Novice: 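The following block contains the structure, expressed as structure tokens.
Because only heavy atoms are used, hydrogens play no part in the values below, and waters and symmetry mates are left out as well, while side chains stay in. In this text, all values refer to a predicted model and were calculated from it rather than measured experimentally.
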Amino acid sequence: MLSSTSQVKICAPAYTVQMVLASDDSASRLSSHFIDSRYRTPRVCSRRRPPTSFKTKNAVWGGLMTAGAQARGAVGVIISGCCRDLAEYRAVDFPVFVCGHSTVGQSPFIHPSGVNITLTIHPKDAGNSSDAFASVTVTPGDWIIADEDGVVCVPVDMVDKIAELAKKGQEIDAKCSMADIKAGKGIQASFRQHRGK
């Protein structure tokens, strides 16, 4: 995952873009560039590369798209794929979270085939292990939260519940890790008192 600094954070509703292999003749083609869509509120652009079985190595995001997205109110981008032009988005402090980077652009390898549609993001190299991360479905308008620790998608109908649970967890952890542990109390004893385990 790459982003401009460790202080970068994103919290905004998703605007999704579906990418497909250029050789996929059955996939639709957009009539205009996906960045040229008008954002009504600050958005995070969430892009999905073609299914992992295709393993494309080209970038799907670069400096020009960053400039266009910022001009239209986007607050960052999450990409299940690669980007390029790292210095350009870092220079304008635009958060970009990706799986990797590449010097190769998207054409002629892939093209966008849909915007603001539900996407399923499959974990990179997940395999069939029982401890592998599950795929994540991102629906336009779901909230995307990202920072140096990772990226989370919160379904729009669960935002209030998740915010309440997160606040409660943060308050408990503040008691455990800050107050008790810094005062010398054991971690296990602090967890038992505040977390109940």
Novice: Please lay out, stage by stage, how Q18 and V20 fare under the test side-chain contact (heavy atoms from CB on, under 4.5 Å).
Specialist: CA-CA 7 Å; Q18 170 70 54; V20 298; 4.0 Å; yes
Novice: Quick check against the 3.5 Å criterion: does D142 have a side-chain atom that pairs as donor or acceptor with the backbone of T139?
Specialist: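 It does hold such a pair.
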Novice: Within a radius of less than 6.0 Å around CD1 of I162, do more than 12 heavy atoms belonging to other residues, nucleotides or ligands occur?
Specialist: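 Check passes, neighbour count above 12.
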Novice: So do the side chains of S190 and Q193 get within less than 4.5 Å of each other, counting heavy atoms only?
Specialist: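 They are not in contact (no side-chain heavy atoms under 4.5 Å apart), so the answer is no.
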Novice: Testing the basics here: between A74 and F94, what is the closest heavy-atom pair and its distance to 0.1 Å?
Specialist: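 The pair with the smallest heavy-atom distance is O-CE1, 3.5 Å.
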Novice: Take atom CG in D157; do more than 12 heavy atoms of anything else shown fall under 6.0 Å from it?
Specialist: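 Buried by this count: over 12 neighbours within 6.0 Å.
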Novice: Mind checking whether L64 and V115 sit in one hydrophobic cluster, side chains of I, L, V, M, F, W, Y counted as touching below 4.5 Å?
Specialist: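 Result: no, two separate clusters.
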Novice: Can you tell me how far apart CH2 (W61) and OH (Y89) are? Round to the nearest 0.5 Å.
Specialist: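 OH of Y89 is found 11.0 Å from CH2 of W61.
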Novice: Atom CD1 in I144, atom CD1 in I78: separation rounded to 0.5 Å?
Specialist: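 It is 6.5 Å, given to the nearest 0.5 Å.
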Novice: Looking at every heavy atom in both G76 and I10, which two are closest together, and how far apart are they?
Specialist: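 So the minimum-distance heavy-atom pair works out to CA-CD1, 3.8 Å.
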Novice: Taking C-beta and beyond as the side chain, do R84 and S102 meet within less than 4.5 Å on heavy atoms?
Specialist: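 No; the side chains remain at least 4.5 Å from each other.
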Novice: Begin with the C-alpha distance, continue with both residues' side-chain angles, and end with the deciding distance and a verdict on side-chain contact (heavy atoms from CB on, under 4.5 Å) for H101 and L86.
Specialist: CA-CA 8 Å; H101 58 86; L86 303 178; 4.1 Å; yes
Novice: Out of curiosity, Q70 CD to I35 CD1, how far, rounded to the nearest 0.5 Å?
Specialist: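 Between Q70 CD and I35 CD1, I get 10.5 Å after rounding to 0.5 Å.
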Novice: Hey, is NZ on K161 packed in by over 12 heavy atoms from elsewhere, all under 6.0 Å?
Specialist: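 Open.
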Novice: If I take atom OG from residue S28 and atom NE2 from residue H111, how far apart are they, to the nearest 0.5 angstrom?
Specialist: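 Between S28 OG and H111 NE2, I get 7.5 Å after rounding to 0.5 Å.
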Novice: Flag the pair D36 / R72 as yes when at least one side-chain heavy-atom distance between them is below 4.5 Å, and no otherwise.
Specialist: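 Result yes, sub-4.5 Å side-chain heavy-atom pair found.
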Novice: Minimum heavy-atom separation for F34 to P112, with atom names?
Specialist: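 What the structure gives for the nearest pair is CD2-CG, 3.9 Å.
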Novice: Decide side-chain contact (heavy atoms from CB on, under 4.5 Å) for F109 and L21; before the verdict, give the C-alpha distance in whole Å, the side-chain angles of both, and the deciding distance to 0.1 Å.
Specialist: CA-CA 6 Å; F109 306 103; L21 290 174; 5.9 Å; no
Novice: For P108 and A22, work out which heavy atoms get closest and say how close.
Specialist: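 Minimum heavy-atom separation between P108 and A22: O-CB, 3.0 Å.
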Novice: Report the distance from atom CE of M65 to atom CD of E88, rounding to the nearest 0.5 Å.
Specialist: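 Rounded to the nearest 0.5 Å, the CE-CD separation comes to 11.0 Å.
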Novice: Run T137 and T118 through side-chain contact (heavy atoms from CB on, under 4.5 Å) and show every step you take.
Specialist: CA-CA 7 Å; T137 299; T118 299; 3.3 Å; yes
Novice: Restricting to non-hydrogen atoms, name the atom on C83 and the atom on A59 that form the minimum distance, rounded to 0.1 Å.
Specialist: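 Looks like C-CB, 3.5 Å.
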Novice: Once rounded to the nearest 0.5 Å, what's the spacing between atom OG of S135 and atom CG of L119?
Specialist: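 Between S135 OG and L119 CG, I get 12.0 Å after rounding to 0.5 Å.
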Novice: Determine whether a donor-acceptor pair (N or O, by modelled atom type, separation under 3.5 Å) exists between the side chain of D85 and the backbone of G62.
Specialist: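 Judged by distance alone, no pair lies under 3.5 Å.
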Novice: Treating Ile, Leu, Val, Met, Phe, Trp and Tyr as nodes and any side-chain heavy-atom pair under 4.5 angstrom as an edge, say whether V159 and L165 lie in one connected cluster.
Specialist: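 In one cluster: no.
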Novice: Looking only at atom types and distance, does a side-chain atom of T16 sit under 3.5 Å from a main-chain N or O of P140, one as donor and one as acceptor?
Specialist: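 Answer holds: no.
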